[in-house]
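Counting from 1, the numbers follow the sequence of the chain as shown. The figures here come from the full heavy-atom set of this structure, side chains too, leaving out hydrogens, waters and symmetry mates.
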Amino acid sequence: MSILMNTASLRRSRMLRFLLLLIAVVYMPVSAVAAGIDIKSLPKIKAYEFGPQAEFEAITKSVKVDKPFGDDNLSYTLRLPKEWSESGQGGTLEGIDGVILSDAVLNIVARYVGPPKNLMRSSISVEAQSLSHEITAQNWFINFIMKNGFSLSALDVKSKREVNALYVQVIDDQTYVVYSRLLINGARLVLIRYYLPQENYDSEKMDQARIVQSFQLANPTKAAIEKQETYGFLDQSYFDYPVSWTLEAKPILSIERMSALLYQESKDGKVSILEGHIRINVISRLLNTTLEQEIATFRKATKIDGYTIGPVIENIAYSYGPDIKSGKAQIYKLVPSDPVNMKAYEFIVSVMEGADYYYIASMITPSREEDFYTWAQNTETFRVICESVRRQKTAMEYDPNDPYYDYMKQ
């Protein structure tokens, strides 16, 4: 059900009374996070019952790598079969430390190779990349799979910062079943991949899973990928946002109605509203108005040149802060007037109700089909903003286990 369409059923619900919709749309749920990959249909990786840990340690050796590329956030430990060896390629070699970690491609940290079995070898690669914008581990990995054309067969999303996956890759006419584990540690991404020749899969799959699962970061951190700033509507309401976004504060003439804009500047310094544009409206509950009326006003005022707001394509579950009594977020399709020559975009709306204020946040972003990586970064920024909306300047009441807590509390 759309938060931009008026319905009698929502009026009858006290919990959702403010989620009234203003346009007649059809709900079109998407189970796929990205075009061509249906996330909900993918099975999880099979869980094996491993033997005692002592037995595993007796047949393996401990590998510890400190500060590859001179970075504590990349340090790790791993257990390998005793007959495996390092291949001599990677960032742990002498002379590599101090090289700037790329934010465009994966950098090889280390490679390990097993003995031949049926004339084929298994191998492990540990790779790393610098991240400059907020993104979830799942969306980074989905983009990685799509760009490389791999066949994804299983996916376990452990958290916003960790994903395990199983996919098939062909290298020089040899098919490998690749067990991968992706971890985001602060502004660093670490990817371990175990390449297992398909012919040896049945006999080696349990070893593959256990070895990958033995991989641990030595210095885990809950810090956000990007440094964040806090913006305050006077001393009435606050939210956090990544510093890569430009904030344009609107003149505040009254604490009863306030708004702010955020956008991404292009490389030439120009502002393109359609490439990433966020607006936050704050409305005092002391006004002689209702949230239903405010949503109607918001809908009428929303004009996007060449586009109309289309169907709801996804509901989003945000973990709103304790100052938000109730909230709902949805993604709408933006329908172009010229589908042949105009790009596809999406429109995200989050409606929040606090004790003193109503909040309506919205974002225009390239669609996931048009530019999945930009869409993934933009939607994660929107989540950070919506989940940090609060009445206090600091967020000490937030859950310390949240990966963004370290920055919110500053």
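- Checking Y195 against R193 by side-chain atom types alone, a donor-acceptor pair falls below 3.5 Å.
- Put simply, the side chain of Y358 does not reach to within 4.5 Å of the side chain of S284, judged on heavy atoms.
- More than 12 heavy atoms of other residues, nucleotides or ligands lie within 6.0 Å of NZ in K61, so this atom counts as buried by the packing criterion.
- You'll find the ring centres of Y241 and Y231 outside the 6.0 Å limit.
- One side chain, W245 or T381, offers a donor N or O that lies under 3.5 Å from an acceptor on the other.
- Using modelled atom types, one finds a donor on one side chain and an acceptor on the other under 3.5 Å when comparing S130 with R188.
- Listed for the R285 side chain is a donor-acceptor partner under 3.5 Å among the backbone atoms of G354.
- Residues D235 and K393 are not paired through a salt bridge, judged by the lack of any N-O separation under 4.0 Å between the basic side chain and the carboxylate.
- Side-chain atoms of Q236 and Y357 include a donor-acceptor pair closer than 3.5 Å.
- R383 has no carboxylate O lying under 4.0 Å from a charged side-chain N of E134, or vice versa, which leaves the two without a salt bridge.
- Residues E294 and R257 are paired through a salt bridge, judged by an N-O separation under 4.0 Å between the basic side chain and the carboxylate.
- Checking T230 against D240 by side-chain atom types alone, a donor-acceptor pair falls below 3.5 Å.
- Checking side-chain atoms of T374 against main-chain N and O of D371 turns up no donor-acceptor pair under 3.5 Å.
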| S122 and Q208: side chain to side chain donor-acceptor pair (under 3.5 Å), yes or no, with the steps? | CA-CA 9 Å; S122 295; Q208 180 193 45; over 6 Å; no
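- A tilted orientation is assigned to the rings of F233 and F239, their planes being inclined by 30° to 60°.
- M258 is not listed as a side-chain neighbour of N281, based on a closest heavy-atom distance of 4.5 Å or more.
- Judged by distance alone, the side chain of S214 and the main-chain N or O of R79 form a donor-acceptor pair under 3.5 Å.
- Defined by atom type and a distance below 3.5 Å, a donor-acceptor pair is missing between the side-chain atoms of Y48 and Q213.
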| message | Would Y345 and Y307 count as a ring pair (Phe, Tyr, Trp, His ring centres under 6.0 Å) here? Give the steps. | response | CA-CA 9 Å; Y345 292 90; Y307 292 84; 5.5 Å; yes
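- No hydrogens or angles considered: a donor-acceptor pair under 3.5 Å links the side chains of N378 and T365.
- Ring pair Y167/F150: centre-to-centre distance below 6.0 Å.
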| field | Evaluation steps, side chain to side chain donor-acceptor pair (under 3.5 Å), between N185 and T221 | value | CA-CA 6 Å; N185 199 38; T221 176; 5.4 Å; no
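- Within 6.0 Å of atom NZ in K343, 12 or fewer heavy atoms from other residues, nucleotides or ligands are found, so the atom counts as exposed in its surroundings.
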